[in-house]
Amino acid sequence: MKSTAKIVSIFVLFLATFFIGLLPHGLLRILETKFSGKMMYRRYISVLNCFAGGVFFATAILHLMPESTELLKKVFTIQYPVSGAISGAGFFLLLFIEHLIGTCRGDSGHHLTMESTEIHIGEVELTKVSKNSDHALSETLDKQTQAEKKLVEIKEHEKTIEQKAHTLSKLRTFVLLLAFSFHMVFEGLALGLENSESGVWSLLGVLGLHKCVVAFSVGLQLSESLRTLRAVLPSLTVFSAVAPVGVVLGFLVTEYGDNENAQVVAAGVLQSLATGTFFYVTFFEILQKELSTEHNLCNVLSTAVGFAVVVGVEFLHDSDE
């Protein structure tokens with residue numbers, strides 16, 4: 001019966017994660033259709049993003065950080081925050097990768113500004129007023145042409161910046177997906193290592209609830225970065241499969257192997273790296289974009305709600321233990 005419960009949990013975790021992860025894509029399409037005004041649509045997306053940011057922040061400090069610290073303490077006996085140091089390495093690794101990509105793509109080139117163009121346009125208007133000769137008219141037309149060219153260059157530059165920002169956003173989403181995958185594999189591993197049937201069902205309930213909250217937040221980020229359903233589906237399928245893979249690995253360990261020290265080290269290091277990347281993506285990709293441009297209490301409240309949901313799930317998990 002214990003094996004049956006674990007087999008059922010594999011399918012439950014996969015299907016729940018996959019379909020909950022698809023919900024944001026449909027929700028975004030509905031909002032886009034219903035609120036044709038870009039400002040209103042952007043406002044709703046901003047609130048949802050802040051909720052996801054709260055979920056990721058809480059997951060990092062309530063799940064990843066304590067778990068990685070506990071795992072590495074079993075291995076390293078020195079009085080040093082090994083987990084924190086590795087988390088910092090994960091943060092700087094992602095920071096380095098982003099800046100390396102930006103440098104290779106030539107992001108440090110000349111920046112065009114609207115102010116410089118306005119000066120040109122102002123000169124055109126001043127020349128029109130102060131001179132009436134043919135020479136002045138020719139000079140005015142020449143300056144006007146230059147100003148129009150500058151405006152075209154600015155538009156092309158802004159389009160390039162938007163494309164580069166989209167590329168970085170996809171990179172951050174990929175890293176976030178990878179970090180969550182590490183975390184979910186080890187959560188599934190914990191379920192697979194459970195020795196009693198009642199323990200499997202109990203842990204499945206709490207883990208399934210946590211997976212649903214996380215799947216919605218990850219699905220939202222995937223839909224925003226990848227945009228098309230064809231691009232979202234493969235990533236979501238992989239993400240949905242990682243926890244069941246962990247269950248299978250845990251089941252194989254309990255049936256045919258031993259819990260070796262190397263497994264603890266690998267789990268602790270990967271969880272610590274994931275913590276650093278979680279912090280980076282949460283604050284640099286999500287909350288910086290949504291909270292730094294203006295004061296918005298709705299976004300702050302949405303972030304707090306996302307955090308509180310994970311706090312509640314964690315409380316249920318601790319009570320169950």
Starting at NZ of Lys289, measure out to CZ of Phe283 and round the result to the nearest 0.5 Å. 15.5 Å

Donor-acceptor under 3.5 Å (Thr282 side chain, Phe279 main chain): no

Distance-only check: which donor-acceptor pairs under 3.5 Å involve side-chain atoms of residues 231-241, not counting sequence neighbours?
{"from": "Thr237", "atom 1": "OG1", "to": "Leu233", "atom 2": "O", "distance (Å)": "2.7"}
{"from": "Ser240", "atom 1": "OG", "to": "Phe18", "atom 2": "N", "distance (Å)": "3.2"}
{"from": "Ser240", "atom 1": "OG", "to": "Leu236", "atom 2": "O", "distance (Å)": "2.7"}

So, the side chain of Ser272 versus the backbone of Ser68: is there a donor-acceptor pair under 3.5 Å, distance only? no

Any Val213 side-chain heavy atom under 4.5 Å of Ile20 side chain: no

With rounding to the nearest 0.5 Å, note down the distance linking SG in Cys50 to CG in Leu291. 4.5 Å

Does Val47 belong to the same Ile/Leu/Val/Met/Phe/Trp/Tyr cluster as Leu23, with side-chain heavy atoms less than 4.5 Å apart forming each link? no

Compare all side-chain heavy atoms of Val8 with those of Val12 and state whether any distance is below 4.5 angstrom. yes

Side-chain donor-acceptor contacts of residues 88-97 below 3.5 Å, not counting sequence neighbours, with atom names and distances?
none

Derivation and outcome, side-chain contact (heavy atoms from CB on, under 4.5 Å), residues Thr69 and Val82: CA-CA 8 Å; Thr69 301; Val82 179; over 6 Å; no

Gln271 side, atom CD; Met65 side, atom CE - distance, nearest 0.5 Å: 12.0 Å

Hey, are the side chains of Phe307 and Ile61 touching, using non-hydrogen atoms and a 4.5 Å cut-off? yes

Test item: Ser46 side-chain N/O and Arg42 main-chain N/O as donor-acceptor pair under 3.5 Å: no

Hydrophobic cluster identity match, Val269 and Tyr80, side-chain contacts under 4.5 Å: yes

Just verifying a value: how many Å separate Thr228 OG1 and His25 NE2, rounded to the nearest 0.5 Å? 7.0 Å

Apply the test side-chain contact (heavy atoms from CB on, under 4.5 Å) to residues Leu48 and Leu31: give CA-CA distance (whole Å), side-chain angles for both, the deciding distance (0.1 Å), then the verdict. CA-CA 12 Å; Leu48 290 173; Leu31 289 175; 4.2 Å; yes

At what distance, to the nearest 0.5 angstrom, does OH of Tyr44 lie from SG of Cys298? 10.0 Å

Quick one, Asn49 and Asn299 - any side-chain contact, counting heavy atoms below 4.5 Å? no

Which residues share a ring-ring contact (aromatic ring centres under 6.0 Å, His included) with Phe76, sequence neighbours left out: none

The reported gap from CG in Leu28 to CD1 in Ile45 (rounded to nearest 0.5 angstrom) is 4.0 Å

Following the transitive rule for hydrophobic clusters with a side-chain heavy-atom cut-off under 4.5 Å over Ile, Leu, Val, Met, Phe, Trp and Tyr, establish whether Ile86 and Ile78 coincide in one cluster. yes

Under 3.5 Å, side chain of Ser223 to main-chain N/O of Leu220, donor-acceptor pair present? no

Over all heavy atoms of both residues, which pair between Ala16 and Cys212 is shortest? Give the atoms and the distance, please. CB-SG, 4.3 Å

Side chain proximity check, Phe216 to Leu27, heavy atoms < 4.5 angstrom: yes

Look at Glu290 together with Arg43 and state whether they make a salt bridge at an N to O cut-off of under 4.0 Å. no

Is the closest side-chain heavy-atom distance between Val309 and Phe51 below 4.5 Å? yes

